[in-house]
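To start, the structure itself, in structure tokens.
Just so you know, ligand 1 is whichever comes first in the structure, and atom 1 is the first atom listed for that ligand.
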Amino acid sequence: MLTTINRGTWGTRTGFILAAAGSAVGLGNIWGFPTQVGQNGGAVFVLVYLFCVLLICLPIMVAELVIGRHAQLDPVGSFGTIKPNTSWNLVGVLGVLAGAGILSFYSVIAGWSVAYIWFAGAGTLSGNAQEMGPFFSTFVANGTLNITLTFLVLVTTAAVLLGGVRSGIERITKLMMPALITLLLLLAARALTLPGANEGLAYYLRPDFSRLSDPRVVGAALAQAFFSLSLGMGAMLTYGSYLNKRENLISAACWVVVFDTAIALLAGFIIFPAGFSIDGFDPTASGPGLIFVVLPRLFATFPGGQIFGAAFFILLTMAALTSAISLLEVPVAHFIDTHKWSRPKAVMFVTTGVFVISIPSALGNGAVEFFGRLPGFEMDFLTLMVTLWNNLALPIGGLLTAVFVGWVWRTDQAIAEIQLHGRRFPGRYLWTFLLRWICPVAITVIILYSVSSA
Ligand code: TRP
């Protein structure tokens, strides 16, 4: 089919799984997950997170892939084709906006990782954790540097997307993943032998159930699960649209979920044991700087720590890049498919737009001093963006996707798409039940519960 060829398709089956895993594995796993665990009471957050991944996100991952592969279009086009002349294509519009919104702060944080390649390699980082907190704060307060780094990240992401789907994404991911996993395993092995590691493990693995009464814990766990799995805004839908009809969607979805969750959990086995080996460590206090404070201390315990640290941040940056690509690809695919723009024009337009929105986030507290705080908001611009797009837009997008497949398009149609070419789908009744009932009800309850506390 000519249209399919022009849109690009995945080279191989592993190519798709790698690309989807490349989208999922990123800052969300290595930076976001430990940060959220630290701010939301440790093991109890981990437990709620795992429930959200299995019961809510996995069914929605399948739903996104199946919509995309059926319609073979961007999110707006896909919803619009399956249910023409309805407002359902607005779910796609929400996704396109969320892609740009999330990328606007994601590229700032990826910029931090770029800077730390340099800091680690040049020996600027010290093993003294007491110095690393103020060092991080000074760094993020440097507006010009942060804007430059954000720009660099966005331009690189755009350059990969200009190369199209297959050559760009598959190649980077294939190189990066094995190296990243090896390095993480080494770091975990070292962290677990540091003094204080047991305290860290207890914090990470022994739940304090009284924290469940805090609505923010449950809301944060749901949002983190969506974010880490790249769900709720049509990124997986778009990747599914490049899939060939013979592919087994269920096993692809399971692989991505298992892989992504394993890497997030592994990051926790690094940060908490290493963190608690620092005197007076408080996982709540470091906020977004958590890994940038804890990791330098861990690197310093390795012979050749400088090179080791630089290698780590290079891999983290690459992981962030393969995720940023999927964020940018959603709005770009939209302009190509729905508005018939050329790929270069779409990439240029969206990247420029995202860069402009990213500036206040890159300025950090500088923006707060310059513009003042938004009335009623006790947060900086980056946190505002996170709350809006990550904590609200993604779960709402996921909720609407579940309702769409469960009730509007109907799961029998979706199951027929999944079972094309004689593929089997043994869990289809469970999937139908989760998608129709558990996902919508649980997401609604969790959003209302966490908003009620705000
Ligand atoms: N999942 C990525 C991470 O963990 C971030 C990401 C990429 C994302 N694409 C997305 C998040 C789409 C939400 C939606 O770093």
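Within the 3.5 Å criterion, the main-chain N or O of Val330 finds no donor-acceptor partner in the side chain of Thr238.
Relative to atom 10 (C) of ligand 1, the option among Leu328, Asn29, Leu327, Thr322 with the closest non-hydrogen atom is Leu327.
Across Arg190 and Leu298, no two heavy atoms sit closer than the pair CG-CD1, 4.0 Å. Taking every heavy atom of both residues into account, Ile17 and Val256 meet most closely at O-CG2, 4.4 Å.
Ligand 1 places these atoms under 4.0 Å from at least one heavy atom of Gly26: 3 (C), 4 (O), 15 (O). Which parts of ligand 1 touch Gly28 is read off a 4.0 Å heavy-atom cut-off, strictly below it: atoms 3 (C), 4 (O), 15 (O). Taking a cut-off of under 4.0 Å to the non-hydrogen atoms of Ser326, the atoms of ligand 1 that pass are 7 (C), 9 (N). The contact set between ligand 1 and Tyr106, taken as ligand atoms under 4.0 Å from a residue heavy atom, comprises 2 (C), 3 (C), 5 (C), 15 (O).
The proximity of Asp260 to ligand 1, defined as any non-hydrogen pair under 4.0 Å, does not occur for either the backbone or the side chain. When heavy-atom distances to ligand 1 are checked against a 4.0 Å cut-off, Ala24 comes that close only through its backbone atoms N, CA, C and O.
Distances between N or O atoms of Leu27 and those of ligand 1 include at least one value under 3.5 Å. The N/O atoms of Met233, backbone and side chain alike, include none that comes under 3.5 Å of an N/O atom in ligand 1. Here's the thing with Leu394: none of its N/O atoms is less than 3.5 angstrom from an N/O atom of ligand 1.
Counting heavy atoms from C-beta outward, Ile415 and Trp431 have side chains that approach closer than 4.5 Å. At least one side-chain heavy atom of Ile271 sits less than 4.5 Å from a side-chain heavy atom of Leu295.
Scanning the protein for heavy atoms near atom 8 (C) of ligand 1, the closest one is Ser230 OG, 3.5 Å. Regarding atom 11 (C) of ligand 1, its nearest protein heavy-atom neighbour is Phe227 O, 3.2 Å. If you check which protein heavy atom lies closest to atom 2 (C) of ligand 1, you get Ser23 O, 3.2 Å.
Remark: aromatic rings of Phe292 and Phe135 are distant, center separation not under 6.0 Å. Proximity of the aromatic rings of Trp112 and Phe136 is defined here by a centroid distance below 6.0 angstrom, and this criterion is met. Ring to ring, Trp389 and Phe105 are not that close: their centroids are 6.0 angstrom or more apart.
The closest approach between a heavy atom of Trp31 and any atom of ligand 1 is not below 4.0 Å.
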Go through the steps to decide whether Phe33 and Tyr49 satisfy the test ring pair (Phe, Tyr, Trp, His ring centres under 6.0 Å), and finish with yes or no.
-> CA-CA 10 Å; Phe33 182 74; Tyr49 176 82; 5.0 Å; yes
